[in-house]
Novice: 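Submitted below is the structure of interest, expressed as C-alpha cells.
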Amino acid sequence: MYRTHTCGDLRLENVGQEVILSGWMQTKRDFGGMTFIDIRDRYGLTQLVFDMEDDQDLCSRARKLGREFVVQIKGTVRERSNKNPNMPTGNVEIEVGEMTILNKSKLPPFTIEDETDGGDELRMTYRYLDLRRKPVQNNIIFRSNVAIATREYLSKEGFIEVETPVLIKSTPEGARDFVVPSRMNKGQFYALPQSPQTFKQLLMVAGLDKYFQIVKCFRDEDLRADRQPEFTQIDCEMAFVTQEEILNTFEGLTKYLFKTCKGIEFNGDFPRMTYDEALRLYGSDKPDTRFGMLFHELNDVAKNKGFKVFDSVELVVGICAPGAASYTRKQLDALVKWVQRPQIGAKGLVYVKCNQDGTFKSTVDKFFDQEALKSWADKMGAKPGDLMLVMAGEVDRARKQLNELRLHLGRELGLMKEGDFKPLWVVDFPLLEWDEDTERFHAMHHPFTSPKKNDIERMLSGDHETMKALRADAYDLVINGSEIGGGSIRIHDRALQSRNFDLLGFTKEEAEAQFGFLLGAFEYGAPPHGGLAFGFDRLVTIMSGQESIRDFIAFPKNNQGRDMMIDAPSPVDQEQLDELGLDLVEE
RNA sequence: GGUGAUGUAGUUCAAUGGUAGAAUGGAGGAUUGUCUAUCCUUCGGUUGCGGGUUCGAGUCCCGUCAUCACCGCCA
C-alpha cells in the first residue's frame with residue numbers, strides 16, 4: 001500500500017494514528033538537529049518532522065532529498081507545538097519512522113509553487129510540471145466539475161449523450177478545415193469537424209429528440225489568447241421545440257452550473273436583447289452589460305451645425321464616461337491616440353467635459369456653443385463631472401470603434417468587477433452577411449439556420465437590402481461581453497433548405513455534393529428542430545473570472561498552433577508520405 | 001497576410017556605445033520548532049542566431065528565428 005491518507009487529509013482527530021503518505025518533496029527546512037519537510041499531492045501539503053535525536057540515519061537521508069523527489073513515509077500523526085493556521089493540515093505533523101524514495105527527480109526548470117518563477121514558454125514546454133501547481137490544478141479540477149455538472153443537468157433533462165465521428169468530410173463553408181489524408185483512399189481526405197452540426201441534425205431526423213455531447217471541435221484559423229485550434233463545445237440539439245424552449249433549457253443549464261460550481265444564483269430570467277438593439281446600444285453583438293455607458297446617437301443634435309467632420313458622415317454617436325471629466329489633458333490625449341491606433345483605426349475623437357458649474361469644455365467649442373453641448377448632455381444623461389466621448393463615421397465602423405473605446409474605458413475606470421456575472425441573450429440575428437471580398441452572401445450563423453417565419457416569403461425577392469434585413473431564429477448567450485454560446489432553429493424542410501442554398505450562391509450540384517446526405521435525410525420526415533453549442537473552454541474561463549482559456553486546458557497549443565511540450569506538428573517519414581500518396585512541394 | 005512588444009545566468013529581471021550585475025534557484029557548510037526558515041561560502045553567461053557600423057556593440061543598423069498581444073481571419 002502506497003498510502004493510507006492523502007497529503008490533505010490529516011487533522012487533529014488523527015493524532016496518534018500510524019499513517020502512510022506518498023507525495024512530492026515540496027520544501028525542506030533544515031535546522032541541523034531537526035528537519036521539516038512538506039510533501040505534496042493534489043490534495044494538499046503535510047509537514048513531516050525528522051529529528052536527529054530520534055533517528056540520526058533517517059534524518060540525514062531526509063536532509064539529502066531534492067526538490068520533487070517522490071517519497072513514501074510511514075509515521076505517527078502528532079499535534080504541532082507551533083501550529084500553522086494558513087494550511088488545512090497545519091495543526092498536525094508526521095513524526096516519520098520510515099522513508100522510501102519512490103523516485104528521484106531532476107531539478108525542475110522552474111519552481112513548483114503557486115507563484116512560480118517560470119515564464120509561459122517554459123511552463124508550456126514542461127506542462128506536466130506546471131500542472132503540479134495548485135492554481136493550474138484548481139483550474140483543471142474546476143473544468144471537470146463543470147463538465148460533470150453539465151452531464152448531470154442534461155441527463156436529468158432527458159438528453160442523450162451521443163458521440164459523433166471525428167473523421168468527416170470537408171466542406172468549404174465557414175472556417176478552414178483541418179484535413180487528414182486517407183491511406184486506403186489515396187488522394188482523398190477526411191476533415192476534422194468544425195462542429196458536429198450536421199450529425200446532430202441527423203440525430204434529430206433519427207428521432208433522438210434531445211442530444212448533447214461534450215465534444216472537441218477543430219478550426220484551422222489563426223489563434224488568439226482566447227482561441228485554440230482544437231476546443232471543446234457543449235453541443236446540443238432538440239426536436240419539436242421552439243426557440244423559447246431552447247433558451248429556457250440552456251438558461252436553466254447555465255444557472256445550474258453557476259449554482260453548483262460557483263454557488264452563484266441569478267435573480268430572474270436572463271435579459272434578452274435583439275441583435276439590432278445590441279449594435280445600437282453597445283456597438284457589439286456581444287455587449288458587456290456589467291456597466292452602462294450606453295451609446296447615444298447624436299445625429300439630430302450634432303449634424304448640420306457647420307462641423308464638416310460630423311456633417312459628412314452617416315452616424316455621430318457618443319458615450320458618457322461617469323466621473324471622467326477630471327481626466328487630464330494627457331489622459332485625454334492618450335485616449336485619442338488609443339482610438340487612432342491602427343487596430344482601432346479611428347480618425348479622431350471628440351470629447352466634452354461636463355464641468356461642475358454646468359458649463360462644457362470640448363474640442364469642438366468652435367462649432368458648438370454651450371447650448372448645443374447641453375443638448376448633447378441632455379440626450380446622453382451626462383451629469384457634471386462626466387466626460388462625453390463622441391465618434392463619427394460610417395455606421396458599422398463608428399459603432400465598432402466606439403465599442404472598443406467603451407470597453408477600454410470600462411477597464412480603465414474599474415467598472416468590470418470581479419465576481420460580477422451579467423448574462424444576456426442576444427436574439428434575432430441576421431440570416432445573411434454580405435462578404436465584400438467574394439461579393440456574395442454568407443450565412444451569418446450557418447447555412448441550416450431558419451429564417452424567421454415572417455421573413456420566409458421575402459427570401460427570394462432578390463433585392464440586396466431586403467436580403468440584408470432578413471432575420472433568423474438565431475441566438476447567442478453572452479456573459480460579461482464574451483460569446484459563450486450560440487445556436488438557432490434549423491431548417492427542416494428540404495425546399496426551404498434548397499432556397500437557402502440558392503441565396504448563399506450554391507448551385508444545386510454543389511449543394512448536393514456537399515450536403516446531399518443531409519438534404520436526403522430531410523426527405524424522410526425531419527422533425528422541426530434546433531439547438532445550440534456552448535464554448536466550454538470559454539465558459540469555464542469566464543466562470544472562474546479569468547481571461548486565458550489556455551489556463552483551463554490541460555495541454556494547450558501556443559499562438560502558432562504548436563504544442564510546445566510534444567513539439568507538434570512535426571515532419572513525417574518519407575515512408576508515411578509514400579503510403580498516403582503525398583508529395584511535399586519545396587517553397 | 002499585417003502591426004507592435006519582447007529575447008541577457010537554470011529562472012525572473014537590470015545594465016549612458018566603455019569591467020555583463022541583482023534576486024531567486026543550485027552546490028557546500030552552520031543551525032533543534034520552522035512553515036518563502038535564517039546565516040556564511042561558492043558555482044553559474046555563445047547577451048536567440050547571422051551579418052554590418054564603430055577604436056569598442058547586450059545597447060545602433062539590416063536580416064532571420066522564437067515567444068506574446070492585437071488586426072485580418074474564426075459560418
Side-chain angles (χ1 to χ4, degrees), chain A residues 26-40 45-54 56 59 63-64 66-68 78-87 89-91 93 95 106-126 129 171-177 194-195 197-198 217-229 231 338 341-345 400-401 404 429-433 435-437 441-449 472 474 483 486-488 500 504 533 535 547-548 550 557-562 564:
Chain A
Q26 170 86 15
T27 45
K28 188 167 56 184
R29 294 175 293 278
D30 180 359
F31 291 81
M34 174 173 268
T35 295
F36 299 99
I37 283 177
D38 294 338
I39 59 167
R40 178 193 68 237
L45 284 173
T46 298
Q47 174 166 293
L48 314 178
V49 198
F50 298 86
D51 197 320
M52 277 295 189
E53 283 178 10
D54 296 341
Q56 197 171 340
C59 191
R63 291 175 70 181
K64 288 204 193 82
R67 272 167 50 199
E68 300 305 312
R78 76 180 185 202
E79 185 172 359
R80 288 201 200 183
S81 53
N82 289 340
K83 297 190 173 50
N84 184 350
N86 298 320
M87 52 197 288
T89 63
N91 287 335
E93 62 194 5
E95 189 182 354
K106 276 170 70 174
L107 187 70
F110 52 87
T111 56
I112 315 290
E113 284 162 16
D114 291 3
E115 296 287 334
T116 180
D117 63 0
D120 285 349
E121 201 175 337
L122 198 62
R123 286 168 43 214
M124 286 307 161
T125 308
Y126 297 91
L129 294 181
T171 56
E173 273 290 303
R176 207 172 283 119
D177 283 320
Q194 297 171 26
S195 80
Q197 183 59 40
T198 49
C217 304
F218 306 86
R219 291 176 194 176
D220 186 9
E221 295 292 345
D222 288 357
L223 305 176
R224 290 285 188 285
D226 64 345
R227 236 192 271 161
Q228 286 274 300
F231 59 97
W338 192 86
R341 286 160 53 228
Q343 278 85 349
I344 309 292
K400 200 170 171 194
Q401 291 164 353
E404 296 292 344
F429 272 75
L431 182 69
L432 305 170
E433 196 175 25
D435 185 332
E436 294 288 352
D437 294 337
F441 280 105
H442 274 222
M444 185 141 185
H445 184 57
H446 58 54
F448 316 109
T449 302
E483 184 193 325
S488 63
N500 204 35
L504 295 170
E547 304 271 320
S548 167
R550 287 179 206 176
K557 301 204 169 23
N558 77 3
N559 250 359
Q560 312 303 318
R562 299 201 67 86
M564 312 250 274

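Each chain gets a letter, A, B and so on, in the order the sequences are listed, and its residues count up from 1.
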Novice: Using the P atom in both, what is the distance from B:rG4 to B:rG63, to the nearest Å?
Specialist: 12 Å
Novice: B:rG28 and B:rU67: how far apart are their P atoms, nearest whole angstrom?
Specialist: 36 Å
Novice: Could you tell me the separation between the CH2 atom of A:Trp338 and the CD1 atom of A:Ile344, rounded to the nearest 0.5 Å?
Specialist: 4.0 Å
Novice: Is atom CD of A:Glu221 surrounded by more than 12 heavy atoms (other residues, nucleotides or ligands) closer than 6.0 Å?
Specialist: yes
Novice: My understanding is that only one of A:Lys106, A:Gln26, A:Arg40 makes a side chain to side chain donor-acceptor pair (under 3.5 Å) with A:Glu68; could you say which?
Specialist: A:Arg40
Novice: Just checking A:Lys400: base, sugar-phosphate only, or nothing, at a heavy-atom cut-off of under 4.0 Å?
Specialist: sugar-phosphate
Novice: So A:Asp220, base contact, sugar-phosphate only, or nothing? Heavy-atom distance under 4.0 Å.
Specialist: nothing
Novice: Between B:rG52 and B:rG17, how many Å separate the two C1' atoms, rounded to a whole number?
Specialist: 15 Å
Novice: Please check the phosphate of B:rG26 (OP1 and OP2 only) for any side-chain N or O of A:Arg67 closer than 4.0 Å.
Specialist: yes
Novice: Could you give the distance separating B:rC65 and B:rG72 at their C1' atoms, to the nearest angstrom?
Specialist: 24 Å
Novice: Is a side-chain donor or acceptor of A:Thr89 paired with a backbone partner of A:Leu45 at a separation under 3.5 angstrom?
Specialist: yes
Novice: Let me spell it out: for each of A:Met87 and A:Met444, pick the nucleotide of RNA chain B with the closest heavy atom. Which residue's pick is nearer the 5' end?
Specialist: A:Met87
Novice: Measure from CZ on A:Arg78 to C1' on B:rU34 and round the result to the nearest Å.
Specialist: 13 Å
Novice: Look at the side chain of A:Arg341 against the base of B:rG2 and say whether a donor-acceptor pair falls under 3.5 Å; ignore hydrogens and angles.
Specialist: no
Novice: Nearest 0.5 Å, what's the CG-CE distance between A:Asn558 and A:Met564?
Specialist: 5.0 Å
Novice: Look at the side chain of A:Arg219 and the base of B:rC74, then say whether one donor and one acceptor between them are separated by less than 3.5 Å.
Specialist: no
Novice: Using whole Å, report how far CG of A:Leu129 lies from P of B:rG25.
Specialist: 18 Å
Novice: Would you indicate which nucleotide in B:rU32, B:rC74, B:rU67 comes nearest to any side-chain atom of A:Met34?
Specialist: B:rU32
Novice: Please determine if a side-chain N or O atom of A:Asn559 lies less than 4.0 Å away from the OP1 or OP2 oxygen of B:rU67.
Specialist: no
Novice: Given B:rC71, is OP1 or OP2 found less than 4.0 Å from the side-chain N or O atoms of A:Arg224?
Specialist: yes
Novice: Nearest 0.5 Å, please: how far is OG1 in A:Thr171 from CD in A:Gln194?
Specialist: 5.5 Å
Novice: When you compare B:rG48 with B:rG58, how far apart are their C1' atoms, in angstrom units rounded to a whole number?
Specialist: 12 Å
Novice: Which part of the nucleic acid, if any, lies within contact of A:Gln560, taking any heavy atom under 4.0 Å across all strands shown: a base, the sugar-phosphate backbone alone, or nothing?
Specialist: sugar-phosphate
Novice: For B:rG72, does the base pair up with any side-chain atom of A:Gln343 as donor and acceptor (N or O, under 3.5 Å, distance only)?
Specialist: no
Novice: Output the rounded distance in Å from CZ (A:Arg227) to C1' (B:rC68).
Specialist: 15 Å
Novice: Report yes if the ring of A:Phe31 lies under 5.5 Å from the six-membered base ring of B:rU31 with planes under 30°, and no otherwise.
Specialist: no
Novice: Mind checking the CD1-OG1 spacing from A:Ile39 to A:Thr27? Nearest 0.5 Å is all I need.
Specialist: 11.0 Å
Novice: With respect to the phosphate group of B:rA37, does any side-chain polar atom (N or O) of A:Arg29 fall under 4.0 Å of OP1 or OP2?
Specialist: yes
Novice: How is A:Asp30 classified with respect to the nucleic acid when contacts are heavy atoms under 4.0 Å: base, sugar-phosphate, or nothing?
Specialist: base
Novice: Taking atom P of B:rA27 as reference, at what distance in whole Å does atom NZ of A:Lys106 sit?
Specialist: 15 Å
Novice: Within the structure shown, what part of the strands sits under 4.0 Å from A:Glu547 by heavy-atom distance: base, sugar-phosphate, or nothing?
Specialist: nothing
Novice: Given B:rU67, B:rU32, B:rG33, which nucleotide is nearest the side-chain atoms of A:Glu93?
Specialist: B:rG33
Novice: Could you measure between the two P atoms, the one in B:rA37 and the one in B:rC70, and give it in whole Å?
Specialist: 36 Å
Novice: Can you find a donor-acceptor N/O pair under 3.5 angstrom joining the side chain of A:Arg80 to the base of B:rC35?
Specialist: yes
Novice: Do the side-chain N and O atoms of A:Asn91 and A:Glu79 include a donor-acceptor pair separated by under 3.5 angstrom?
Specialist: no
Novice: Please report the distance separating the C1' of B:rA9 from the corresponding atom of B:rA23, rounded so that it comes out in whole Å.
Specialist: 12 Å
Novice: With rounding to the nearest 0.5 angstrom, report the CG to CD distance, A:Leu223 to A:Gln228.
Specialist: 6.5 Å
Novice: Tell me what A:Pro447 touches on the nucleic acid: a base, only sugar-phosphate, or nothing, going by heavy atoms under 4.0 Å.
Specialist: base
Novice: Can you check the A:Lys64 NZ to B:rG29 C1' distance for me, whole Å?
Specialist: 14 Å
Novice: Nearest whole angstrom, please: distance from the C1' of B:rU12 to the CD of A:Glu115.
Specialist: 13 Å
Novice: Using a 4.0 Å heavy-atom cut-off, does A:Gln47 contact any base of the nucleic acid, only the sugar-phosphate backbone, or nothing at all?
Specialist: base
Novice: Measure CG/A:Asp435 against P/B:rG72 and give the value in whole Å, please.
Specialist: 14 Å
Novice: What does A:Arg40 touch in the nucleic acid at a heavy-atom separation under 4.0 angstrom: a base, only the sugar-phosphate, or nothing?
Specialist: nothing
Novice: Within the side chain of A:Asn500, is there an N or O that forms a donor-acceptor pair under 3.5 Å with the backbone of A:Pro447?
Specialist: yes
Novice: Distance criterion of 3.5 Å, no angle test: do you see the side chain of A:Asn82 paired donor-to-acceptor with the base of B:rU34?
Specialist: no
Novice: 5'-most contact on RNA chain B: A:Asp222 or A:Lys28, nearest heavy atom basis?
Specialist: A:Lys28
Novice: Once you apply a heavy-atom cut-off of 4.0 Å, does A:Leu122 come out as touching a base, just sugar-phosphate, or nothing?
Specialist: sugar-phosphate
Novice: For A:Gly119, which contact category applies under a 4.0 Å heavy-atom criterion: base, sugar-phosphate, or nothing?
Specialist: sugar-phosphate
Novice: For the P atoms, the ones on B:rG25 and on B:rC35, what distance do you get once it is rounded to whole angstrom?
Specialist: 14 Å
Novice: Between B:rA75, B:rU67, B:rG33, spot the one nearest the side chain of A:His442, thanks.
Specialist: B:rA75
Novice: Identify whether the distance between the nearest side-chain nitrogen and carboxylate oxygen of A:Arg29 and A:Asp38 falls below 4.0 Å.
Specialist: yes
Novice: Mind checking if A:Arg123 touches a base, just sugar-phosphate, or nothing, with heavy atoms under 4.0 Å?
Specialist: nothing
Novice: For RNA chain B, what are the stems built from at least three Watson-Crick or G-U pairs in a row, each pair having both distances below 3.5 Å?
Specialist: B:1-7 with B:65-71, B:10-13 with B:21-24, B:26-30 with B:38-42, B:48-52 with B:60-64
Novice: Taking only side-chain N and O atoms of A:Arg550, does any of them lie within less than 4.0 angstrom of OP1 or OP2 on B:rC68?
Specialist: yes
Novice: On the nucleotide B:rU67, are OP1 or OP2 found under 4.0 Å from the side-chain N or O atoms that A:Arg562 carries?
Specialist: no
Novice: Which part of the nucleic acid, if any, lies within contact of A:Ser195, taking any heavy atom under 4.0 Å across all strands shown: a base, the sugar-phosphate backbone alone, or nothing?
Specialist: base
Novice: A:Asp226 has an atom CG; how far is it from atom P of B:rC70, in whole Å?
Specialist: 7 Å
Novice: Stepwise, does the salt bridge (charged side-chain N to carboxylate O under 4.0 Å, His left out) test hold for A:Arg227 with A:Asp222?
Specialist: CA-CA 8 Å; A:Arg227 236 192 271 161; A:Asp222 288 357; over 6 Å; no
